[in-house]
Amino acid sequence: MSTRRVLVADDDKNIRLTLAATLADMGFDVVTVINGWEAVYEVRKPHPDGPFWLVLMDYQMPGMDGLEALNDIHEEFPGVHLAMITANGSMETAVEAMKAGAAEYLAKPFTPADLSTLVRTLEAKDAAAG
């Protein structure tokens with residue numbers, strides 16, 4: 001797999017660091033932010049390494065929540081894979097995330113294997129798309 005960029009947005013420092021380390025071990029270039037505003041800003045910034053391949057967004061954050069940020073990113077950058085991560089693992093939350101543009105949904109607590117499955121699913125979607 002060529003190096004691809006992933007953005008992790010979560011207000012919990014331990015989760016950000018754990019996700020960043022796991023994704024880096026999987027070969028990704030990872031950028032972390034602490035809220036929805038920073039996530040939208042980061043995705044909008046021009047990057048010499050190209051756009052983000054995946055944005056992992058926490059559902060509940062102070063200020064701009066994950067749903068609003070996902071929706072903004074999805075409208076402006078439809079080619080970016082979006083995934084919601086949340087401790088509020090209800091069916092209603094999952095449906096809201098999908099309506100906001102999330103292609104995948106990961107309920108906390110999750111394992112590195114769960115994250116790996118999410119990444120493999122998105123890679124398979126890319127391969128099927130051509």
Check: Do the non-hydrogen side-chain atoms of F77 and L82 ever get within less than 4.5 Å of each other?
Finding: no
Check: What are the two closest heavy atoms between M57 and I73, and how far apart are they?
Finding: CE-CD1, 3.9 Å
Item checked: Stepwise side chain to side chain contact (heavy atoms under 4.5 Å, CB included) check, T86 with L106 -> CA-CA 7 Å; T86 183; L106 195 56; over 6 Å; no
Item checked: Within-4.5 Å side-chain heavy-atom neighbours: V6 and D29 -> no
Check: More than 12 foreign heavy atoms under 6.0 Å from CD of Q60: is that the case here?
Finding: no
Check: With the threshold set at 4.0 Å, does a side-chain nitrogen-carboxylate oxygen contact exist between R4 and D126?
Finding: yes
Check: Is it true that a side-chain atom of E38 and a backbone atom of I34 form a donor plus acceptor pair closer than 3.5 Å?
Finding: yes
Notebook entry, point to check: About how many Å separate CH2 of W37 and CD of E68, when rounded to the nearest 0.5 Å?
Noted result: 8.5 Å
Next item on the list: Carefully, step by step, assess V119 and F28 under the rule side chain to side chain contact (heavy atoms under 4.5 Å, CB included).
Entry: CA-CA 10 Å; V119 168; F28 291 96; 3.6 Å; yes
Item checked: D58 side-chain N/O to M61 backbone N/O, donor-acceptor pair under 3.5 Å -> no
Checklist line | Donor-acceptor contact present, side-chain T117 to main-chain A113, <3.5 Å | finding: yes
Note to self: Before you tell me yes or no, could you show the steps for K45 and E42 under salt bridge (Lys or Arg N to Asp or Glu O under 4.0 Å), namely the whole-Å CA-CA distance, both residues' side-chain angles and the distance that decides it to 0.1 Å?
What the structure shows: CA-CA 5 Å; K45 278 183 10 183; E42 193 65 38; 3.5 Å; yes
Next item on the list: Before accepting this row, confirm whether a basic side-chain N of the pair K108/D114 lies closer than 4.0 Å to the acidic partner's carboxylate O.
Entry: no
Check: Is there a side-chain contact between L54 and V80, using heavy atoms and a 4.5 Å cut-off?
Finding: no
Next item on the list: Quick one: pull up CG in D65 and CG in D11 and give me the separation to the nearest 0.5 Å.
Entry: 11.0 Å
Notebook entry, point to check: Would E104 and H81 count as a side chain to side chain contact (heavy atoms under 4.5 Å, CB included) if you check the C-alpha gap in whole Å, the side-chain angles of each, and the deciding distance to 0.1 Å?
Noted result: CA-CA 8 Å; E104 296 295 327; H81 293 289; over 6 Å; no
Notebook entry, point to check: Should the pair R5 and F52 be classed as cation-pi, given the thresholds of under 6.0 Å to the six-membered ring centre and 45° from the axis?
Noted result: yes
Next item on the list: Provide the closest heavy-atom pair for Y105 versus A97 in the form atom of the first, atom of the second, distance.
Entry: CD1-CB, 4.1 Å
Note to self: Under 4.5 Å between side-chain heavy atoms, counting indirect links through other Ile/Leu/Val/Met/Phe/Trp/Tyr residues: same cluster for L56 and L122 or not?
What the structure shows: yes
Notebook entry, point to check: Looking at S116 and M26, what are the two nearest heavy atoms and their distance?
Noted result: CA-CE, 3.7 Å
Check: Hey, what do you get for CG (L19) to CG (N14), rounding to the nearest 0.5 Å?
Finding: 11.0 Å
Margin query: When you compare the side chain of V8 with that of V30, does any pair of heavy atoms fall below 4.5 Å?
Written below: yes
Margin query: Any heavy-atom pair between the side chains of K99 and N71 that's under 4.5 Å?
Written below: no
Checklist line | Evaluation steps, side chain to side chain contact (heavy atoms under 4.5 Å, CB included), between L67 and Y59 | finding: CA-CA 6 Å; L67 284 176; Y59 177 81; 3.3 Å; yes
Note to self: Check E123 with R120, please: is the shortest side-chain N to carboxylate O separation under 4.0 Å?
What the structure shows: no
Notebook entry, point to check: Quick check: are there more than 12 heavy atoms from other residues, nucleotides or ligands sitting under 6.0 Å from NZ of K125?
Noted result: yes
Next item on the list: Identify the heavy atoms of A9 and A39 that sit nearest to each other, and give their distance.
Entry: CB-CB, 3.9 Å
Margin query: To the closest 0.5 Å, what do you measure between CG (D10) and CG (N35)?
Written below: 10.5 Å
